[in-house]
Student: 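Right, I'll just put the structure down here and ask away after.
Count residues from 1 along the sequence.
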Amino acid sequence: MKLLDIQSSPRGESSDSITLTTSFIEACKSASASIVVDTLNVWHEELPEYGHEAIGAKYKAVKHETMTETESNVWERIQSLIRRFQNADRIVLGTPMWNFGLPYKLKQLIDLVAQRNYLFTYDGKQYGPLLQVEKAIVVYTRGSRFLEGTPIPPSRFDHQATYLDFWLQLVGVRDLRSVIVDNAWNRDRKESEVSLAEGKATLEGLVEWFLATSNKAPATCNASDLRIGGTARAPEKTALRG
């Protein structure tokens, strides 16, 4: 089983999201010796800029036009990143919340790999997924607790999980679980430690599900939201309190 581990915090071992996903992956490796992990840290990867040459290569690839040497070089680098998604059977992704959204390096990775006819199709009317990733887990860490009915409701302030869950399902993740750890860092460190411990325990409880192979893909790809340190966004979601 090939597992793509995407890390998006620059804090390394001090990162809560990396600590949680690393612990989960180690639990998976203990349960299954067949796991091969490909770690893609967006801060270590030296991602190419999505500038003039990359944009030019993108449009020429769609139109099957001849690229310049510079465009060909950047396009090959982009394709090498795309292949890591295409080769994955499972994805584990951890990300902190930055300004109510994603770290810019993670967004840069998405902009590079989300190419038409590689990760998705578009016929002028609708989009279709091209990945064959059976399961994925995303760990979202936030410094605050976002609750509806408060001055910072997730319906207004969460531009992190809503976007990333949507994108992963768009490109072909069939079964997605989102573990949201609210209150991971604030003035009360003890309270944050409780949230992080519950997040770790929740992930450990998902190991068996994550490793199991389904014979049939689900009809829909609705992301299940397990929220730590708060309540779930909607009644049908699974809610865990910290």
Student: Hey, is CZ on F166 packed in by over 12 heavy atoms from elsewhere, all under 6.0 Å?
Tutor: no
Student: Would S34 and S32 count as having a side-chain donor-acceptor pair, cut-off 3.5 Å?
Tutor: yes
Student: Say you draw a straight line from CG of L3 to CG of D38; how long is it, rounded to the nearest 0.5 Å?
Tutor: 9.0 Å
Student: Strictly by modelled atom types, are S155 and E148 linked by a side-chain donor-acceptor pair under 3.5 Å?
Tutor: yes
Student: Do the charged groups of E53 and K60 touch, with an N to O distance under 4.0 Å?
Tutor: no
Student: Rounded to the nearest 0.5 Å, what separation is found between the CZ atom of R90 and the CG atom of D175?
Tutor: 9.0 Å
Student: Is there a side-chain contact between R84 and E45 (heavy atoms, below 4.5 Å)?
Tutor: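 Heavy-atom side-chain distance check passes, below 4.5 Å.
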Student: Thinking salt bridges, do D89 and K2 make one under a 4.0 Å N-O criterion?
Tutor: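 Not counted as a salt bridge, because no side-chain N and carboxylate O are separated by less than 4.0 Å.
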Student: Consider side chain to side chain contact (heavy atoms under 4.5 Å, CB included). Of V133, I6, L130, which one does F85 pass it with?
Tutor: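 By the side chain to side chain contact (heavy atoms under 4.5 Å, CB included) criterion, F85 pairs with just one of V133, I6, L130: I6.
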Student: Checking T95 against S17 for the side chain to side chain contact (heavy atoms under 4.5 Å, CB included) test, could you report, in this order, the C-alpha distance in whole Å, the side-chain angles of both residues, the deciding distance, and whether it holds?
Tutor: CA-CA 6 Å; T95 180; S17 63; 5.7 Å; no
Student: Between atom CH2 of W43 and atom CZ of R11, what is the distance when rounded to the nearest 0.5 Å?
Tutor: 12.5 Å
Student: Is there a side-chain contact between W98 and L106, using heavy atoms and a 4.5 Å cut-off?
Tutor: no
Student: Regarding S80 and R83, is there a side-chain donor-to-acceptor distance under 3.5 Å anywhere?
Tutor: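 Note: S80 and R83 side chains miss the donor-acceptor criterion.
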Student: Out of curiosity, F157 CZ to T150 OG1, how far, rounded to the nearest 0.5 Å?
Tutor: 8.0 Å
Student: When rounded to the nearest 0.5 angstrom, what distance separates CD in E49 from CG in D111?
Tutor: 11.0 Å
Student: Tell me, with the steps shown, if D165 and Y140 meet side chain to side chain donor-acceptor pair (under 3.5 Å).
Tutor: CA-CA 11 Å; D165 284 356; Y140 298 100; 2.8 Å; yes
Student: Out of curiosity, L164 CG to L170 CG, how far, rounded to the nearest 0.5 Å?
Tutor: 11.5 Å
Student: Give a yes or no on whether L102 and I91 share a hydrophobic cluster (residues Ile, Leu, Val, Met, Phe, Trp, Tyr; joining criterion: side-chain heavy atoms under 4.5 Å apart).
Tutor: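 Cluster IDs for L102 and I91 match.
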Student: Please examine the side chains of W167 and L119, heavy atoms only from C-beta on, and report whether any two atoms are closer than 4.5 Å.
Tutor: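 A side-chain contact under 4.5 Å exists here.
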